[in-house]
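Notes follow the structure.
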Amino acid sequence: MNPTDTIVVAYGDTADRAASWAEALTERGTGLRVQPIQQPVDPARVRYVVAWRHPPGSLAAFPNLKAIFSLGAGVDHIVSDVDLPPGVPLIRVVDPDLTNRMSEWVLLHVLLHHRQARLYEWHQAEKIWEDDPHQPAAREVRVGVMGLGVLGADAARKLQVIGFDVAGWSRSPKTLDGIETFAGDAELDAFLSRTQILVVLLPLTPQTRGILDQDLFAKLAHDSYFGGPILINAGRGGLQDEAGILAALEEGTLRAATLDVFEIEPLPDTSPLWHHPAVTVTPHNAAISSTGAIADYIAGEIAHLEAGGAPRNTVDPSRAY
Ligand code: NDP
Ligand code: OXD
């Protein structure tokens with residue numbers, strides 16, 4: 001390892017965030033220089049890039065990269081760059097801190113709908129003392145998780161522990177104890193037709209873009225106690241047709257939606273989703289990353305690569321996730 005070898009933090013949103021990630025990685029003592037992409041660097045010395053919404057085309061300047069790291073679990077913000085240096089492994093975050101945070105969010109929002117928390121919030125504001133004697137038990141509620149990867153599988157298992165009747169859908173067949181699984185386009189309709197609460201933890205790829213539309217909502221189970229299917233999306237905003245969600249809520253094809261991700265982020269002030277009474281908005285923080293945990297993970301993977309280890313948690317560029 002040469003001490004002038006460099007890790008570049010390509011955080012596109014703000015220079016401040018790039019600088020704070022660079023500081024966090026420096027504190028981990030990787031033995032390499034760490035600097036934000038906004039500072040001048042000798043491109044030939046850059047061995048690693050740590051990226052979040054980097055300026056497209058900017059990574060092509062580095063001819064000697066050993067790996068590109070995503071600062072998150074998703075990599076759509078990287079694979080959408082048509083000028084990535086070819087043949088460089090792309091590594092994403094797979095870390096229990098992120099996984100647990102996502103499952104917390106999923107459980108919170110499934111339970112929030114299941115136990116009608118917003119109704120009781122309103123009752124409290126109106127001083128109404130009234131309960132619902134027909135509140136179903138978790139076992140009577142069918143939850144479907146779209147995407148059974150690292151995050152979806154963990155959330156599905158934890159929903160199952162609470163008692164929900166859980167199923168999942170993925171690209172390739174999966175076996176999860178006690179969870180009914182469906183795979184591929186051929187089994188999508190069967191999965192949807194049993195799903196009362198739909199949790200989406202899919203990556204954004206050319207195959208999944210726009211998948212959450214009115215046609216799909218119409219195929220969900222419409223027999224739930226809550227008066228219609230519920231959509232909970234923490235995958236990516238590009239999966240969803242927001243006009244379609246609003247139309248489905250108006251016509252009753254959907255009963256409610258909780259959205260953490262949006263077609264445009266931050267969600268514009270003008271979006272009707274902000275004040276729709278059946279929509280809950282969270283600011284893309286379902287699995288809000290702990291800088292420390294992610295920096296530990298990346299520093300650990302760099303140490304593993306520097307010791308001659310093979311890249312782990314890599315993304316298959318042909319699948320885009
Ligand atoms: P994984 O790659 O581990 O899992 C992706 C899952 O989606 C897999 O089960 C995969 O199927 C399935 N899938 C992909 N394409 C298709 C398809 N065309 N049809 C059916 N199933 C498909 O990803 P993670 O679980 O780690 O993360 C999922 C996504 O969550 C990320 O890509 C990111 O967009 C989002 N995310 C959001 C966060 C937030 O804060 N809102 C935080 C972190 C991630 P198979 O198993 O067969 O490969
Ligand atoms: C991620 C995210 O992909 O936070 O990790 O969205």
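Reckoned from all heavy atoms, side chains included, excluding hydrogens, waters and symmetry mates. All ligand and atom numbering here is 1-based and tracks the order in the structure.
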Original post:
Can you find an N or O of Leu151 that's nearer than 3.5 Å to an N or O of ligand 1?
Top reply: yes
Subject >> Over all atoms of both residues, closest heavy-atom pair of Ala278 and Leu249 >> reply: CB-CD2, 4.2 Å
**OP:** Measure from atom 3 (O) of ligand 2 to every heavy atom in Pro203, Gly72, Gly74 and give the option owning the shortest one.
**Re:** Gly74
**OP:** Kindly give the heavy-atom pair with the smallest separation between Ala221 and Pro229, and that separation in Å.
**Re:** O-CG, 3.6 Å
Original post:
Among protein heavy atoms, which sits nearest to atom 1 (P) of ligand 1, and what does the distance come to when rounded to 0.1 Å?
Top reply: Arg92 NH2, 3.5 Å
Original post:
Of all the non-hydrogen atoms in the protein, which one sits nearest to atom 5 (C) of ligand 1, and at what distance?
Top reply: Pro203 CD, 3.7 Å
Original post:
Among all residues two or more places apart in sequence or in another chain, which pass the ring pair (Phe, Tyr, Trp, His ring centres under 6.0 Å) test with Tyr48?
Top reply: none
Original post:
Where the closest heavy atom to atom 35 (C) of ligand 1 is concerned, which of Gly235, Ala73, Gly184 has it?
Top reply: Gly235
**OP:** Would you check whether Trp52 has a nitrogen or oxygen atom less than 3.5 angstrom from a nitrogen or oxygen atom of ligand 2?
**Re:** no
**OP:** Output the list of atoms in ligand 1 that are nearer than 4.0 Å to some heavy atom of Gly147, sorted by atom number.
**Re:** 6 (C), 7 (O), 9 (O)
**OP:** Show the numbers, then the answer: is there a side-chain hydrogen bond (donor to acceptor under 3.5 Å, both in side chains) between Arg118 and Thr280?
**Re:** CA-CA 10 Å; Arg118 294 192 78 177; Thr280 301; 2.9 Å; yes
**OP:** Please determine if Gly149 has a nitrogen or oxygen closer than 3.5 Å to a nitrogen or oxygen of ligand 1.
**Re:** yes
**OP:** Report yes if Val150 has an N/O atom closer than 3.5 Å to an N/O atom of ligand 1; otherwise report no.
**Re:** yes
**OP:** Between Met146 and ligand 1, find which residue part has any heavy-atom pair under 4.0 Å and reply side chain, backbone, both or neither.
**Re:** neither
Original post:
Does ligand 1 have a heavy atom under 4.0 Å from the side chain of Gln207, from its backbone, from both, or from neither?
Top reply: side chain
Subject >> Nearest-option assignment for atom 19 (N) of ligand 1, heavy atoms, candidates Phe182, Trp169, Phe191 >> reply: Trp169
Original post:
Under a heavy-atom criterion of less than 4.0 Å, does Arg236 contact ligand 2?
Top reply: yes
Original post:
What protein heavy atom is closest to atom 40 (O) of ligand 1, reported as residue, atom name and distance in Å?
Top reply: Ala287 N, 3.2 Å
Original post:
Would you say Thr208 contacts ligand 1, with heavy atoms under 4.0 Å as the rule?
Top reply: yes
Original post:
Could you give all pairs that pass the side chain to side chain donor-acceptor pair (under 3.5 Å) test and reach residues 60-73, with sequence neighbours left out?
Top reply: Lys66-Glu306, Ser70-His77
Original post:
What are the two closest non-hydrogen atoms of Asp97 and Ser290, and how far apart are they?
Top reply: OD2-CB, 3.5 Å
Original post:
Name the one of Asp260, Ile232, Leu159, Val143 that satisfies side-chain contact (heavy atoms from CB on, under 4.5 Å) with Val106?
Top reply: Leu159
Original post:
How close does the nearest protein non-hydrogen atom get to atom 37 (C) of ligand 1, and which residue and atom is it?
Top reply: Ala234 O, 3.0 Å
Original post:
Relative to ligand 1, is Asp260 under 4.0 angstrom through side chain, backbone, both or neither, heavy atoms considered?
Top reply: side chain
